[in-house]
Chemist: 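First the structure, which I've put down as C-alpha cells, then a few questions once you've had a look.
First the proteins, then the strands, lettered A, B, ... as listed; each starts at 1. The analysis underlying the following values was restricted to heavy atoms, covering all of them including side chains, and did not include hydrogens, waters or symmetry mates.
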Amino acid sequence: MPELPEVETVRRGLDKLVLGCTIADVAFDWPKGFPNSQADVDRFMLGATITSVRRRAKVLIIELDTDYSLVIHLKMTGQLVFIGSKSNGSRFGAGHPSDSLINSLPDKSTRVTITFSNESKLFFNDQRKFGWMKLLPTVAVADLSFFQKVGPEPLDDSLTADMFAKRFQRRQKTSIKAALLDQTVIAGIGNIYADESLWAARIHPNTRVADVTSDQLNTLFDELRLVLNTAINKGGSTNKNYVNAEGKKGSYMNFAKVFRREGQPCTRCQNSIDKIRVAGRGTHICSNCQALPT
DNA sequence: CACTTGACCTGTCCGC
DNA sequence: TGCGGACAGGTCAAGT
C-alpha cells in the first residue's frame, strides 16, 4: 500500500485518535510480523500511554510512556484502523459510522488488536503479511538498519534541489525510476508517486540516471513535492486495500495522471497511456510526453 | 560498492 | 465453473 502520503495520512489520523490513550489489552498471534514475546507486551505495552505518533519514510513510530515504541511498516497491504466504542457497548467509526469496516473487524486479515482502557480498539490488518510491527526501546529505534540507511524526507523544508540531485550521484547506471524507488536515495517514494512525478517532469522512467539533465532533476524535485503534497491533501491513494486510521479510502487516484490509467488519454497530449515494466515494476507512462533520450 | 532478480504472502483477475 | 499463471502499494537477501 502505502507510500509516504498514505503513511502520513494514517499518522495524522492516529495522532488525533490514539494520542493519550492507555493500552489495556493486546491480542496477537503473528510471530513473523510481530516477534515480541508475551512478557515484552505485558511489561512495556500493558498500562502504557501513547505519547507521540511519528513517521519516518514509510515507517510509523508510536511512542509509549514506558520508553518503548511500536515501530510499524505497512508494506503492501497493511492497515491501522481505529474503532471507538461507546459506553453502552455499541461501536462507532471515528468519522463514518456507516462504514462497513466498523462491524466487520476483526477479520481474517487482522494480525494484532490493541484495546484501550476506554474500550476503543486499534486493528493492525495485513492481508499479505509483508508488514511488521516491533516493540523496541525508544532509544534503539534509530539503530534499526533501515533508519541507518534511509535517505532524506522529500518534503523536509531543509532539503534543496541541489541536495536532492546529489543523492542520485551514486546511482548513475540504473534507471531514474529504480533510483526514485531506492529508499536510501530519497525516502518514502513508491510505485504510484514515482510514476506520477516522472510524468509531471516529462522524464521516461527508463532513462539512465546519467542521462537525466540537471534541469530535469530540478523539475523532478519540484514536481515530486507537488505530487506528494497533493496526495496528502487528498488523503492518499487507494489502489486496492489502503484505508486511513478511520477506515476511509484516499481519493488521489481520481487525480492521478498515469497510474492505472493505461489505455486512457494523457491529459496533456491525448496520447494513450501505456503500461510497461521498469525496475521490475508495472510502470505507467505517456510515451509522447516522456521520450527516452536518443 | 552498484545493480538485478527472486522471495516473502494472500487474493484476484484473465485466458484457456 | 475450474485451474494455472501473472500480477499487486515494499523491502531484503543473494546473486553477478
Chemist: Could you state the NZ-C1' distance from A:Lys177 to B:dT5, rounded to the nearest angstrom?
Modeler: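 Whole-Å distance recorded here is 16 Å.
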Chemist: With sugar-phosphate meaning primed atoms plus P, OP1 and OP2, does A:Ser109 contact a base, only sugar-phosphate, or nothing at under 4.0 Å between heavy atoms?
Modeler: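 Answer is nothing: A:Ser109 stays at 4.0 Å or more from every strand.
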Chemist: When all nucleic acid strands are considered with a 4.0 Å heavy-atom cut-off, which category describes A:Arg277: base, sugar-phosphate, or nothing?
Modeler: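 Sugar-phosphate, backbone atoms only, no base.
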Chemist: Could you state the CE-P distance from A:Met133 to C:dT11, rounded to the nearest angstrom?
Modeler: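 Rounded to the whole Å, the gap is 19 Å.
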Chemist: Where each residue is assigned the nucleotide of DNA chain B containing its nearest heavy atom, which of A:Ala279 and A:Gln127 is assigned the position nearer the 5′ end?
Modeler: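 Mapping each residue to its closest nucleotide by heavy atoms, the 5'-most match is A:Ala279.
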Chemist: Under 4.0 Å, counting only non-hydrogen atoms across every strand here, what does A:Gly282 touch: a base, just sugar-phosphate, or nothing?
Modeler: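 Contact class for A:Gly282: sugar-phosphate only.
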Chemist: On the six-membered ring of A:Trp199, is A:Arg268 placed so that its NZ or CZ lies under 6.0 angstrom from the centre and within 45° of the ring axis?
Modeler: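 A:Arg268 over A:Trp199 ring: yes.
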Chemist: Report the nucleotide, chosen from C:dT11, C:dG9, C:dA8, that has the shortest atom-to-atom distance to any side-chain atom of A:Arg128.
Modeler: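 Nearest listed nucleotide: C:dA8.
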Chemist: Distance check needed: C:dC12 C1' versus A:Leu181 CG, whole Å only.
Modeler: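 So the two atoms are 15 Å apart, to the nearest Å.
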Chemist: Can you figure out which of B:dC3, C:dG10, C:dA8 approaches the side chain of A:Lys58 most closely?
Modeler: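 The answer is C:dG10.
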Chemist: Nearest to the A:Tyr242 side chain among B:dA2, C:dG9, B:dC9, which nucleotide is it?
Modeler: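 From the listed options, C:dG9 comes nearest.
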Chemist: Return the pairing partner of B:dG11 with a 3.5 Å limit on both distances, Watson-Crick or G-U wobble; otherwise return none.
Modeler: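 Its partner is C:dC7 (Watson-Crick or G-U wobble, both distances under 3.5 Å).
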Chemist: Whole Å only: how far is the CG atom of A:Leu74 from the P atom of B:dT10?
Modeler: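 My rounded result for the distance is 18 Å.
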Chemist: Does a side-chain N or O of A:Lys129 approach OP1 or OP2 of B:dT10 to a distance below 4.0 Å, or not?
Modeler: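 Yes, A:Lys129 has a side-chain N/O under 4.0 Å of OP1/OP2 on B:dT10.
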Chemist: Check whether NZ of the Lys or CZ of the Arg A:Lys121 lies under 6.0 Å from the centre of the six-membered ring of A:Phe116 and within 45 degrees of that ring's axis.
Modeler: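 Cation-pi check for A:Lys121 and A:Phe116: fails.
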Chemist: Applying a 4.0 Å non-hydrogen cut-off, can you work out what A:Lys149 is touching in the nucleic acid: base, sugar-phosphate, or nothing?
Modeler: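 Nothing, no heavy atom under 4.0 Å.
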Chemist: I'd like to know if A:Glu63 and A:Arg54 make a salt bridge, using a cut-off of under 4.0 Å between side-chain N and carboxylate O.
Modeler: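 Judged by the 4.0 Å cut-off on N to carboxylate O distance, A:Glu63 and A:Arg54 do form a salt bridge.
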Chemist: Within a reach of under 6.0 Å around CG of A:Asp29, are more than 12 heavy atoms found that belong to other residues, nucleotides or ligands?
Modeler: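 Count not over threshold, so no.
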Chemist: At under 4.0 Å, does any side-chain N or O of A:Arg281 touch on OP1 or OP2 of C:dG9?
Modeler: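 Yes, because at least one side-chain N or O of A:Arg281 sits under 4.0 Å from OP1 or OP2 of C:dG9.
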Chemist: Which one, B:dC8, B:dA2, C:dT11, comes nearest to the side chain of A:Phe146?
Modeler: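 Comparing B:dC8, B:dA2, C:dT11 against the side chain of A:Phe146, the answer is C:dT11.
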Chemist: Name the orientation class of the two ring planes belonging to A:Phe221 and A:Phe164 (parallel below 30°, tilted from 30 to 60°, perpendicular beyond 60°).
Modeler: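 Taking A:Phe164 first and then A:Phe221, their aromatic rings sit tilted (interplane angle of 30° to 60°).
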Chemist: Nearest 0.5 angstrom please: A:Gln79 CD to A:Asp107 CG, how far?
Modeler: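 It is 7.5 Å, given to the nearest 0.5 Å.
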Chemist: Which part of the nucleic acid, if any, lies within contact of A:Tyr252, taking any heavy atom under 4.0 Å across all strands shown: a base, the sugar-phosphate backbone alone, or nothing?
Modeler: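 Since no nucleic acid heavy atom lies under 4.0 Å of A:Tyr252, the category is nothing.
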Chemist: Where each residue is assigned the nucleotide of DNA chain B containing its nearest heavy atom, which of A:Arg170 and A:Lys32 is assigned the position nearer the 5′ end?
Modeler: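 It is A:Arg170 whose nearest nucleotide is closer to the 5' end.
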Chemist: Does B:dA2 have OP1 or OP2 sitting under 4.0 Å from an N or O in the side chain of A:Arg171?
Modeler: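 The answer is no; no side-chain N or O of A:Arg171 sits under 4.0 Å from OP1 or OP2.
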Chemist: Atom CD of A:Gln79 and atom P of C:dG9: how far apart are they, to the nearest Å?
Modeler: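 In whole Å, C:dG9 P and A:Gln79 CD are 16 Å from each other.
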Chemist: Looking at A:Thr238, I'd like to know whether one of its side-chain N or O atoms comes within less than 4.0 Å of OP1 or OP2 on C:dG9.
Modeler: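 A:Thr238 to C:dG9 OP1/OP2: no side-chain N or O under 4.0 Å.
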Chemist: Which nucleotide, B:dC9, C:dG9, C:dG10, lies nearest any side-chain atom of A:Ile192?
Modeler: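 It is C:dG9.
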Chemist: Can you tell me the pairing partner of B:dA2 across any strand shown, Watson-Crick or G-U wobble, with both distances under 3.5 angstrom?
Modeler: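 Check on B:dA2: paired to C:dT16, both distances under 3.5 Å.
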Chemist: Check whether the side chain of A:Asn241 and the base of C:dG9 form a donor-acceptor pair under 3.5 Å.
Modeler: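 Pair found.
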Chemist: Hey, does the side chain of A:Lys240 come within less than 4.0 Å of B:dC13's phosphate (OP1/OP2), counting only N and O?
Modeler: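 The answer is no; no side-chain N or O of A:Lys240 sits under 4.0 Å from OP1 or OP2.
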Chemist: Classify A:Gly190 by what it touches in the nucleic acid, base, sugar-phosphate, or nothing, heavy-atom distance under 4.0 Å.
Modeler: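 A:Gly190: backbone/sugar contact only, no base atoms under 4.0 Å.
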Chemist: The side chain of A:Lys108 is closest to which nucleotide in this list: B:dT12, C:dG10, B:dG11?
Modeler: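 Closest nucleotide to the A:Lys108 side chain: B:dG11.
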Chemist: I need the A:Ile62 CD1 to A:Arg55 CZ distance, nearest 0.5 Å.
Modeler: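 One finds 14.0 Å between CD1 of A:Ile62 and CZ of A:Arg55.
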Chemist: Under 4.0 Å, counting only non-hydrogen atoms across every strand here, what does A:Asn191 touch: a base, just sugar-phosphate, or nothing?
Modeler: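 Touches sugar-phosphate only.
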Chemist: Looking at A:Trp132, is A:Lys134 sitting on its ring face, NZ or CZ under 6.0 Å from the six-membered ring centre and within 45 degrees of the normal?
Modeler: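 Judged by the rule (NZ or CZ under 6.0 Å from the ring centre, within 45° of its axis), A:Lys134 counts as positioned above A:Trp132.
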Chemist: Expressed as a whole number of Å, how far does the C1' atom of C:dG9 sit from that of B:dC3?
Modeler: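 Nearest-Å result for C:dG9 against B:dC3 at atom C1': 23 Å.
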Chemist: When the P atoms of C:dC7 and B:dT5 are compared, how many Å lie between them, rounded to an integer?
Modeler: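 It works out to 14 Å between them.
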Chemist: Measure NZ/A:Lys173 against P/B:dT4 and give the value in whole Å, please.
Modeler: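 Answer to the nearest Å: 11 Å.
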Chemist: Would you mind reading off the distance between A:Glu262 atom CD and C:dA8 atom P, rounded to a whole angstrom?
Modeler: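 Result: 9 Å.
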Chemist: Any side-chain N or O of A:His73 under 4.0 Å from OP1/OP2 of C:dG10?
Modeler: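 Negative; the distance criterion is not met.
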Chemist: I want to check one thing: is the phosphate of C:dT11, taken as OP1 and OP2, less than 4.0 Å away from some side-chain N or O of A:Gln183?
Modeler: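 Answer is yes, contact under 4.0 Å.
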Chemist: Going by ring centres under 5.5 Å and near-parallel planes (under 30°), is A:Phe130 stacked on C:dT11?
Modeler: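 No; centroid distance or tilt outside limits.
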Chemist: Given the C1' atoms of B:dC8 and C:dC3, what is the spacing between them in whole Å?
Modeler: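 Pairwise C1' distance, B:dC8 against C:dC3, rounds to 24 Å.
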Chemist: Pick the P atom in C:dA14 and in B:dC9, then give their distance to the nearest Å.
Modeler: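 These two P atoms come out 15 Å apart once rounded.
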Chemist: Whole-Å distance between C:dG10 C1' and A:Ile72 CD1?
Modeler: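 That distance rounds to 16 Å.
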